[in-house]
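Everything below concerns the one structure shown next.
Along the sequence shown, residues are numbered consecutively beginning with 1.
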Amino acid sequence: MTSCNSVQQGKHAEKKVISEYIIHGFKIIIHEEDGIVYYTAEPLFDFQKDPLLFAELSALVNKNKDRLGKEILRFDDLVDTIKSVCMWKVLEIDGLEIDPEVFTELFIYRLIKLDRLIPALLDHYVNEIYMDQKGSALYLDHQTFGRCNTNVILDEEELEALITRIKLEHPITVSAKKPSLKIEFQTQEFHSRISMDFPPLSPNGPTFNIRKLKRKPLELLDLINLNTLPTSLGSYLVEAVINRQNITIIGEPNAGKTTLANAIDLYTPKHWRKIAIEDAIESTNQASMGFKHLSIQVDSFESNKSNHTKTAEILKLLHRSPDWIYLGEIQSSEHTKAMFEALNAGLKGIQTAHSDSVEKILRRWENLHKISVTDFLSLETIIIMKREILKTNFIRTIAEIYEVNTNNPQIDKKYGFLTKIYDFSWDKKRTIDTIKEESFIKEKIDSIIEREISFQHHVENKKEQLLMVK
């Protein structure tokens, strides 16, 4: 994201550069200024310093606009087509110090007025991008440096360019009655989910957040190395998946629920028929990995369509014969009722939902969504994820795990059927001992211990490799 020219020269001297790296034609600079971390992107070729060249290439595109076709071009097709128009001219430029294809892409991003937003979309270290209101600076969540400010304020043309591109990628109508949208924006270089609100819902103008979706999902060993969970717990979760235990993952937004679900879902046997139902596809496409995996995308809350609702598609699961299901973001009362109907019919899989404690999610389902407490017995395993917001980073961890156990319920407690299997404060011995004594899969303790040793070996090897690099 290019820095605004309004940054005062006096403050420039106070900047402390923390990190620099190159991403797809942009130099990313992370710096600290007056205790605040900033994210800046500088193009490797700045067309603002050569407006005549930009005008010449723009004229060339306009002259050949018939080659763009009469049909609406998706983002990748648009980029490839403009490249084919311009590349011969770019190759004639004397003294070009960057790759001609990268140069052409920088020109295209500026031509379609996405050049100040695109660096964060391309940067795989950026997890989420925010604009709270019209005229406010963008800020983002960085995988390494946490919450970062920028000096980018999108103007009217840039906002309109983004909205137009979204509508070209997905035919969706926004109106006073439907002042929100949520779509996927997927290209060869990035995959994101964009949520936008408009007046009258957002009185201060358009607002958005863009969730970046990983092109290569984190694996369970990656999460162990990131301290999201210990090796003993990772081994337990693998065994739970292999034994088709229903797993419900809850946590606040951006706590890592989907990331964990994707990581443990890869341990299912490849002969299982797996069906994922989501409004924005965040689960891993496993078909290319040898899994029998069907992905179904349903309409979001923000959509003005109602033909393919999450509730309807969950109920259809009963006729699709899955061995394993994935239900992303169970939100409304209708979602919840459909989920429990599927689970009570004997379907097994992983579900995600928003809450910060097991008691709160069960109270919401019982009191607000009118789910019978006896239906909770089909949940089997409940994982609570937490996100700690630090000044320079976000820490995502599994805080607790419960199993639903009706054999020895504590009748003096509201949800006495919950047995705690794991707590973040426990050491490895207590975790293993609790699984061995209390868990549904305690008979698998030998396999859990054996896999835990293997995981620990991989973790130690990874640490040794990092030390050698340093």
Side-chain angles (χ1 to χ4, degrees), residues 218-251 255-257 259-261 263-268 348-351 355-362 376-388 395-463:
L218 295 176
E219 298 181 5
L220 193 57
L221 284 170
D222 296 320
L223 298 182
I224 290 172
N225 285 316
L226 290 170
N227 296 318
T228 299
L229 72 164
T231 52
S232 54
L233 194 56
S235 181
Y236 158 81
L237 290 175
V238 171
E239 203 64 44
V241 167
I242 293 173
N243 284 271
R244 296 182 72 229
Q245 295 293 308
N246 273 323
I247 298 175
T248 303
I249 305 175
I250 67 171
K257 301 182 295 296
T259 302
L260 176 66
I264 61 178
D265 193 47
L266 293 176
Y267 285 88
T268 54
K348 304 283 189 176
I350 300 175
Q351 310 86 42
S355 188
D356 60 2
S357 77
V358 65
E359 290 83 5
K360 287 181 181 178
I361 192 71
L362 295 182
F376 296 159
L377 304 182
S378 63
L379 292 173
E380 295 183 341
T381 304
I382 305 173
I383 302 172
I384 297 90
M385 299 201 69
K386 298 287 186 181
R387 180 179 67 139
E388 186 177 358
I395 298 177
R396 297 169 177 83
T397 57
I398 294 179
E400 297 172 307
I401 293 183
Y402 292 86
E403 288 185 353
V404 175
N405 188 343
T406 58
N407 292 331
N408 297 299
Q410 299 179 44
I411 58 174
D412 59 328
K413 294 182 64 176
K414 171 64 177 177
Y415 301 117
F417 49 77
L418 293 174
T419 300
K420 181 178 283 194
I421 297 297
Y422 171 77
D423 189 283
F424 178 76
S425 64
W426 293 357
D427 59 19
K428 182 170 73 174
K429 183 180 184 306
R430 183 171 180 182
T431 299
I432 294 294
D433 287 346
T434 303
I435 294 171
K436 184 177 181 179
E437 296 169 6
E438 305 287 348
S439 175
F440 285 135
I441 55 175
K442 56 188 175 183
E443 70 277 5
K444 302 292 184 178
I445 190 63
D446 291 340
S447 296
I448 292 173
I449 292 174
E450 182 179 350
R451 184 177 288 106
E452 193 276 334
I453 294 172
S454 175
F455 280 171
Q456 188 62 42
H457 177 71
H458 282 290
V459 170
E460 290 172 356
N461 283 346
K462 182 70 173 179
K463 289 179 179 178

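Taking Arg396 as the reference, nothing meets the salt bridge (charged side-chain N to carboxylate O under 4.0 Å, His left out) condition, with sequence neighbours excluded. Scored by the ring-ring contact (aromatic ring centres under 6.0 Å, His included) test, Tyr402 finds no partners at all (sequence neighbours excluded). By the salt bridge (charged side-chain N to carboxylate O under 4.0 Å, His left out) test, Glu403 pairs with no residue at all, sequence neighbours left out.
A salt bridge does not link Glu438 with Lys420: every distance from a Lys NZ or Arg NE/NH1/NH2 to an Asp or Glu carboxylate oxygen is 4.0 Å or more.
Remark: of the listed residues Leu226, Asn227, Leu233, Leu233 is the sole one forming a side chain to side chain contact (heavy atoms under 4.5 Å, CB included) with Leu229. Here the options are Lys429, Lys428, Arg430, the test is side chain to side chain contact (heavy atoms under 4.5 Å, CB included), and the partner is Ile432; only Lys428 passes.
Within the 4.5 Å cutoff, side-chain heavy atoms of Ile247 are placed close to those of Ile264. The shortest distance between side-chain heavy atoms of Leu223 and Leu218 falls below 4.5 Å. At least one side-chain heavy atom of Leu220 sits under 4.5 Å from a side-chain heavy atom of Tyr267. Contact check for Ile448 versus Ile441: side-chain heavy atoms found under the 4.5 Å cut-off. Taking 4.5 Å as the limit, every side-chain heavy atom of Thr231 sits out of range of all side-chain heavy atoms of Leu221. Considering only heavy atoms from C-beta on, Ile398 stays 4.5 Å or farther from Phe424 through its side chain. Between Tyr415 and Val404 the shortest side-chain heavy-atom distance does not fall below 4.5 Å. At a threshold of 4.5 Å between non-hydrogen side-chain atoms, the residues Met385 and Leu260 count as touching.
To the nearest 0.5 Å, the span separating CD on Glu239 from CD1 on Ile435 amounts to 10.5 Å. Ile350 CD1 to Ile249 CD1: the interatomic distance, rounded to the nearest 0.5 Å, is 5.5 Å. One distance of note links CD1 of Ile395 with OG1 of Thr397; it measures 8.0 Å at 0.5 Å rounding. Rounded to the nearest 0.5 Å, atoms CD1 (Ile250) and CD (Gln351) are 12.0 Å apart. Distance NZ/Lys442 to CD1/Ile421: 9.5 Å, rounded to 0.5 Å.
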- Message: Using side-chain contact (heavy atoms from CB on, under 4.5 Å), reason through Leu379 and Leu362 one step at a time and then give a plain yes or no.
- Response: CA-CA 11 Å; Leu379 292 173; Leu362 295 182; 3.9 Å; yes
- Message: Applying salt bridge (Lys or Arg N to Asp or Glu O under 4.0 Å) to Glu400 and Lys386, what does each step give before you reach the verdict?
- Response: CA-CA 9 Å; Glu400 297 172 307; Lys386 298 287 186 181; over 6 Å; no
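Closest non-hydrogen pair, Ser235 versus Ser447, comes out as OG-O, 4.2 Å. The shortest heavy-atom contact between Ile384 and Asp356 is CG2-O, 3.9 Å. Closest non-hydrogen pair, Ser439 versus Tyr236, comes out as OG-CE1, 3.6 Å. Contact between Tyr422 and Pro230 at its shortest, heavy atoms only, is OH-CD, 3.5 Å.
For the residue pair Ser232 and Glu452, no side-chain donor N or O sits within less than 3.5 Å of a side-chain acceptor on the partner. Checking Gln245 against Thr381 by side-chain atom types alone, no donor-acceptor pair falls below 3.5 Å.
Surrounding NZ of Lys436 are at most 12 heavy atoms belonging to other residues, nucleotides or ligands under 6.0 Å away. Counting non-hydrogen atoms of other residues, nucleotides and ligands closer than 6.0 Å to NZ of Lys444 gives a total of 12 or fewer. Sparse packing is recorded around CD of Glu450, with 12 or fewer heavy atoms of other residues, nucleotides or ligands lying under 6.0 Å away.
Within the 3.5 Å criterion, the main-chain N or O of Ile224 finds no donor-acceptor partner in the side chain of Thr228.
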